[in-house]
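Following: one structure in structure tokens, then a few remarks.
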Amino acid sequence: MQNRVKITLPDNVHFSTQLRVRITDVNYAGHLANDALLSLIGEARMLFYREFLGGEELDLYGGGTIMTDVMIQYKKEGYHSDELRFDISVANISKYTFDLFYHIVRLTDNATIAKAKTGIAFYDYDAAKMRRTPEAFIEKC
């Protein structure tokens with residue numbers, strides 16, 4: 001048997017937001033498409049940056065951020081018009097990087113649709129290299 005992705009979510013939640021599955025997010029099989037889920041995760045991340053951290057992907061504590069990796073563990077199908085809650089947790093803060101964990105839950109039945117993790121690096125786009133994790137970020141999270 002092959003190994004499967006298994007994501008263990010942190011206990012703490014730093015931020016929650018809700019997004020609705022649009023008709024353009026549904027694939028030929030009639031459920032939430034994997035590429036659309038990744039886009040919704042990106043939207044939730046941008047809302048986390050703006051509403052919790054007070055910045056943007058390209059302007060966060062004096063510089064930018066860049067995604068270094070992503071994992072998604074699918075649990076249930078999502079459908080058109082589903083309201084999804086994205087609970088976001090920060091973990092594994094290091095010298096240059098941190099992880100964001102996402103618990104994606106359908107509001108009508110509280111079913112877990114997916115769990116996800118994105119690795120994020122603090123990044124200087126002008127110099128095209130990673131930058132140190134800002135102290136203000138560490139203090140906030």
Side-chain angles (χ1 to χ4, degrees), residues 1-134 136-141:
M1 182 169 178
Q2 294 181 354
N3 291 331
R4 299 286 181 220
V5 169
K6 291 186 179 161
I7 297 172
T8 302
L9 299 169
D11 292 331
N12 60 332
V13 173
H14 289 89
F15 177 77
S16 291
T17 192
Q18 294 178 18
L19 298 170
R20 183 182 301 269
V21 177
R22 305 164 305 167
I23 192 64
T24 55
D25 297 328
V26 175
N27 65 16
Y28 58 89
H31 61 257
L32 177 61
N34 56 21
D35 60 327
L37 179 58
L38 185 57
S39 292
L40 290 170
I41 289 168
E43 178 69 18
R45 186 177 63 253
M46 293 306 104
L47 293 170
F48 166 75
Y49 283 172
R50 184 177 304 132
E51 296 175 20
F52 181 78
L53 297 176
E56 302 288 336
E57 187 174 32
L58 298 178
D59 183 17
L60 187 66
Y61 299 113
T65 62
I66 193 167
M67 188 186 321
T68 59
D69 58 61
V70 63
M71 289 191 312
I72 300 174
Q73 179 184 2
Y74 300 98
K75 303 299 278 180
K76 300 256 185 208
E77 294 175 330
Y79 300 99
H80 177 243
S81 294
D82 279 352
E83 280 287 335
L84 304 178
R85 186 183 73 237
F86 290 73
D87 294 330
I88 299 177
S89 305
V90 180
N92 307 323
I93 299 172
S94 73
K95 184 176 179 180
Y96 298 104
T97 65
F98 63 97
D99 290 330
L100 289 177
F101 288 85
Y102 310 79
H103 185 201
I104 303 148
V105 177
R106 181 175 37 234
L107 293 180
T108 56
D109 60 359
N110 213 33
T112 296
I113 300 299
K115 299 175 186 179
K117 182 201 83 77
T118 55
I120 308 291
F122 286 96
Y123 195 71
D124 180 335
Y125 279 87
D126 291 332
K129 65 179 188 176
M130 290 195 307
R131 63 186 182 97
R132 292 186 73 84
T133 300
F137 174 82
I138 295 168
E139 291 171 13
K140 179 75 175 181
C141 297

For the student: nearest non-hydrogen atoms of [X] and [Y], plus distance:
| X | Y | value |
| --- | --- | --- |
| Ala36 | Leu32 | CB-CD1, 4.0 Å |
| Arg45 | Thr118 | NH1-CG2, 4.2 Å |
| Ile88 | Ala44 | CD1-O, 3.6 Å |
| Thr65 | Tyr125 | O-OH, 2.8 Å |
| Ala114 | Leu37 | CB-CD2, 3.8 Å |
| Asn110 | Arg85 | OD1-NH1, 4.1 Å |

*Only one of Thr8, Asn92, Asp99 clears side-chain hydrogen bond (donor to acceptor under 3.5 Å, both in side chains) with Lys117; which?*
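By the side-chain hydrogen bond (donor to acceptor under 3.5 Å, both in side chains) criterion, Lys117 pairs with just one of Thr8, Asn92, Asp99: Asp99.
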
*Among Arg106, His103, Gln73, find the one that has a side-chain hydrogen bond (donor to acceptor under 3.5 Å, both in side chains) with Thr112.*
His103

Quick check for you: to the nearest 0.5 Å, what is the distance between [X] atom [atom1] and [Y] atom [atom2]?
| X | Y | atom1 | atom2 | answer |
| --- | --- | --- | --- | --- |
| Lys76 | Asp109 | NZ | CG | 8.0 Å |
| Asp25 | Asp82 | CG | CG | 10.5 Å |
| Cys141 | Leu100 | SG | CG | 8.0 Å |
| Phe48 | Ser16 | CZ | OG | 11.0 Å |
| Phe101 | Met71 | CZ | CE | 6.5 Å |
| Glu83 | Arg20 | CD | CZ | 4.0 Å |

[X] side chain to [Y] backbone, donor-acceptor under 3.5 Å:
| X | Y | answer |
| --- | --- | --- |
| Asp59 | Gly62 | no |
| Thr17 | Phe86 | no |
| Asp69 | Gly119 | yes |
| Arg50 | Glu56 | no |

Does the side chain of [Y] come within less than 4.5 Å of [X]'s, by heavy atoms?
| X | Y | value |
| --- | --- | --- |
| Leu47 | Leu19 | yes |
| Leu84 | Ile113 | yes |
| Val21 | His31 | no |
| Lys75 | Val105 | no |
| Thr133 | Ile93 | yes |
| Thr68 | Tyr96 | no |

*Just wondering, more than 12 heavy atoms not from Asp35 lying within 6.0 Å of its CG?*
yes

_For the aromatic rings, using the six-membered ring if either is Trp, is the centroid distance between Phe122 and Phe137 under 6.0 Å?_
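Close enough - the centres of the two rings lie under 6.0 Å apart.
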
*Decide yes or no on side-chain contact (heavy atoms from CB on, under 4.5 Å) for Leu9 and Asp87, but give the supporting numbers first.*
CA-CA 10 Å; Leu9 299 169; Asp87 294 330; over 6 Å; no

*Hey, what's the ring geometry for Phe15 with Phe52, parallel, tilted or perpendicular (30° and 60° as the breaks)?*
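Tilted, since the angle between the ring planes falls between 30° and 60°.
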
*May I have the step-by-step check of side-chain contact (heavy atoms from CB on, under 4.5 Å) for Asn34 and Ile72, ending in yes or no?*
CA-CA 9 Å; Asn34 56 21; Ile72 300 174; over 6 Å; no

